K.L.:
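What follows is a single structure, and I will ask about it in a moment.
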Amino acid sequence: MAAELAVLEALGGLARITAEELDTAAALGAFSGAMARVIPHDWVNVAYLEADGQRFHLLGTFLTQATGQVPAHYTADVHTDGSPFRHTLRTGEPRVVNDYPSDPLWAQAEPRVRALVEQMGLRAGLSVALRLRGRVIGALIFASRQPGCYRPEHVERAQHFADYLAPFVENLRLYAIERQQRAQLAALNAIGQTLAASLEVADVFPVFATAARTLVPHDRVGVALLSEDGTTLERLAFAAHDQHQVSWGDCLRLADTGLRVVIEREHGLWSADAYHDPRVVLPHDRAAVEREGIRSVICVPLRAKGRAFGILTFACTEPGRYSESELRAAQQIADQIAPFLDNVRLYRQVRALVAAEERNRLAREVHDTLAQGLTAIVLQLDTAEALLPPDAPATPMVVQARELARHALAEARRAVRGLQPSALVNRTLVEALEDEVARFQQRSGIPASFERPAQHLALADSQATALLRIAQEALHNVEKHARARCVRVRLAFDPSAAPPVASLVVEDDGTGFEPGQEQPTGDGGYGIPTMRERARLVG
């Protein structure tokens, strides 16, 4: 009689809950209280199926009493997930687990399921089907820290309550979907406002990453754009929510990654466990997954003007985070940010053209004014020296002035060469560096050698030009400041590294200096900051 009264009280409590409460957390809390005397449990939740019956979600979160942590809502695939209640979702049959550790199916549970259950100290479980119009729409789940606490009468009561609760759970599901859609619209709106604020990616990308996390959960997100020749993916932006997370690299040849199918087919791909994904076979991809702990990953194309020009990538260190629904959300985000990124790409191209034009203008100015003026001064001083008597007191001063003018003229010509954008036209980087080292030795009289790379690595034009300019500046520093007796320049490539590595070393046996103490002055000192900036701009 007491049990029957408890059931009636529980039903009365459920009636009040279903009539008054649509907030998921509050409803589950009230439901747990109503069930306390009827079905023993330390945790209760509801799993509901998506319309296609392939995916399920938990309405409530996992709350651990020990730490107070509330992990995100659990979502997984019905056919592959190892949760204890999967059997009920697939067949509609009740399932009782007397003791999780000793249950034969417990070994199939996903690591995150096992970790949460163990952290909460749960031992026994009970799940019954939620049916609506003869169709399984989800499962009602109880769990207890007491092994073997669920008996046949608990299964019967749980099924009775599940039949009563099914319409209410359907309303909760629809409410959760509506709330999620509102959150997605808010996130998309936030992304749109962020992108409208600036064309500087460094300013907007961290804000974008945070807003996008509402739509696609991730530990890191990155954007890579195709190089001008279409052979390389070059990183444009990257953000991680964990400071220890790192990116996949700054520059990657399409031939070296399976991600090229995203560009070639203009279709996204996802993996719930990249570590065991048979598609992850190329050395770079495998190394990145193993080194950086990537498990779940989504890559979608960035498209504009009828073609793919880049890739948007989301990644998690936890397996099982992504499915087709997250892939659709990621593509929706990519389609929204693609016009912005295309504008950024065009903006950078225009800025590069403007910079090249400005370099050409400065080169012409230096050549037509400073260099020609210095040439005239040298000629005048040559004439003056020839007209002066050999023992004239002014002769040494004229000779010194002429040498200073010649040195200034050489500096002006070097500046003109540095400003010209055609340093690598019809030459490889190796050939250009060999010529530069030979000219340095001839000009300075300092013995210099060049060590060619043992392996080949395809570099973008901007990267090869930057390395050449850095070498030129470094050799100029040696000539001007080091008082060196010998110089060695070494270029090395490591295509097998992830990402591939290009290394340029210019070393001498001169006096040396403390890099942190060198500051630009009116007389110079801009070489090292310039080299650092060149390297940064090309990754």
Side-chain angles (χ1 to χ4, degrees), residues 359 363 366-367 371 374-375 378 400 402-495 500-518 520-521 523-538:
R359 285 196 301 269
V366 172
H367 178 269
L374 288 170
T375 301
V378 169
Q400 184 180 14
R402 183 188 62 194
E403 294 306 313
L404 289 173
R406 283 178 174 171
H407 181 71
L409 178 60
E411 288 292 295
R413 287 171 174 166
R414 189 187 71 84
V416 169
R417 288 199 304 273
L419 287 168
Q420 291 174 339
S422 56
L424 290 168
V425 172
N426 298 323
R427 293 193 303 175
T428 65
L429 174 61
V430 171
E431 293 169 341
L433 285 173
E434 281 182 326
D435 290 347
E436 193 65 36
V437 171
R439 282 199 301 270
F440 165 83
Q441 179 169 289
Q442 183 179 20
R443 181 176 69 245
S444 67
I446 302 173
S449 64
F450 175 67
E451 183 178 324
R452 299 171 64 98
Q455 296 178 285
H456 176 70
L457 178 64
L459 295 176
D461 290 343
S462 59
Q463 293 173 321
T465 300
L467 286 172
L468 176 60
R469 297 302 188 213
I470 290 170
Q472 289 172 335
E473 183 63 38
L475 289 171
H476 174 66
N477 283 349
V478 173
E479 181 180 0
K480 187 174 182 181
H481 303 293
R483 298 194 295 274
R485 291 173 297 178
C486 64
V487 180
R488 182 172 68 164
V489 178
R490 182 171 71 255
L491 181 66
F493 296 137
D494 186 0
V501 171
S503 173
L504 172 68
V505 177
V506 180
E507 56 186 353
D508 63 79
D509 62 351
T511 57
F513 63 98
E514 294 295 333
Q517 299 177 8
E518 292 294 312
T521 66
D523 297 326
Y526 292 92
I528 291 175
T530 299
M531 287 189 280
R532 184 180 297 113
E533 182 65 9
R534 286 188 187 277
R536 187 190 67 81
L537 289 175
V538 296

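Values reported hereafter were calculated over all heavy atoms of this structure, with side chains retained and with hydrogens, waters and symmetry mates removed. Predicted, not measured: the structure shown is a model, and the values here were computed from it.
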K.L.:
Can you list everything that forms a side-chain contact (heavy atoms from CB on, under 4.5 Å) with Ala448? Sequence neighbours excluded, please.
P.N.:
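side-chain contact (heavy atoms from CB on, under 4.5 Å) check on Ala448 returns Val437, Phe440, Gln441, Val487.
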
K.L.:
At their closest point, which heavy atom of Leu467 faces which heavy atom of Ala502, and how far apart are they?
P.N.:
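Heavy-atom minimum between the residues: CD1-CB, 4.5 Å.
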
K.L.:
Can you confirm whether more than 12 heavy atoms, excluding those of Gln400, are under 6.0 Å from its CD atom?
P.N.:
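It does not: Gln400 CD has 12 such atoms or fewer within range.
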
K.L.:
Among Val506, Leu433, Val505, exactly one meets side-chain contact (heavy atoms from CB on, under 4.5 Å) together with Leu491. Which residue is that?
P.N.:
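So, applying the side-chain contact (heavy atoms from CB on, under 4.5 Å) to Leu491 and each of Val506, Leu433, Val505, only Leu433 qualifies.
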
K.L.:
With sequence neighbours excluded, tell me which residues meet side chain to side chain donor-acceptor pair (under 3.5 Å) with Glu434.
P.N.:
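Glu434 satisfies side chain to side chain donor-acceptor pair (under 3.5 Å) with Arg452 once adjacent residues are dropped.
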
K.L.:
Which pair of heavy atoms, one from Leu429 and one from Ala464, lies closest together, and at what distance?
P.N.:
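The answer is CD1-O, 3.4 Å.
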
K.L.:
Roughly how far, to the nearest 0.5 Å, is the CZ atom of Phe450 from the CZ atom of Arg490?
P.N.:
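Between Arg490 CZ and Phe450 CZ, I get 11.0 Å after rounding to 0.5 Å.
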
K.L.:
What's the separation between atom CZ in Arg485 and atom CG in Asp508, rounded to the nearest 0.5 Å?
P.N.:
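Atom-to-atom, Arg485:CZ and Asp508:CG are 10.5 Å apart.
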
K.L.:
Report yes if some heavy atom in the side chain of Met531 is under 4.5 Å from a heavy atom in the side chain of Asn477; otherwise report no.
P.N.:
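The answer is yes; the side chains approach within 4.5 Å.
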
K.L.:
Restricting to non-hydrogen atoms, name the atom on Ala405 and the atom on Val378 that form the minimum distance, rounded to 0.1 Å.
P.N.:
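The answer is CB-CG2, 3.7 Å.
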
K.L.:
Mind checking the CD-SG spacing from Glu507 to Cys486? Nearest 0.5 Å is all I need.
P.N.:
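It comes to 8.5 Å.
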
K.L.:
Check side chain to side chain donor-acceptor pair (under 3.5 Å) between Arg483 and all other residues, then give those that pass, not counting sequence neighbours.
P.N.:
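Arg483 satisfies side chain to side chain donor-acceptor pair (under 3.5 Å) with no residue once adjacent residues are dropped.
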
K.L.:
For Glu479, give me all partners under side chain to side chain donor-acceptor pair (under 3.5 Å), at least two apart in sequence or on another chain.
P.N.:
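Side chain to side chain donor-acceptor pair (under 3.5 Å) check on Glu479 returns Arg443.
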
K.L.:
CD1 of Ile470 to CZ of Arg532: how many Å apart, nearest 0.5 Å?
P.N.:
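Those atoms lie 11.0 Å apart.
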
K.L.:
Can you name the residues that form a salt bridge (charged side-chain N to carboxylate O under 4.0 Å, His left out) with Glu403, not counting sequence neighbours?
P.N.:
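Partners of Glu403 by the salt bridge (charged side-chain N to carboxylate O under 4.0 Å, His left out) criterion, ordered by chain and then number, come out as Arg406.
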
K.L.:
Of all heavy-atom pairs between Ala492 and Pro453, which one has the smallest distance, and what is that distance?
P.N.:
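Closest pair (atom of Ala492, atom of Pro453, distance): CA-CB, 4.1 Å.
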
K.L.:
Evaluate side chain to side chain donor-acceptor pair (under 3.5 Å) for Gln442 paired with Arg439, printing each intermediate quantity in order.
P.N.:
CA-CA 5 Å; Gln442 183 179 20; Arg439 282 199 301 270; over 6 Å; no

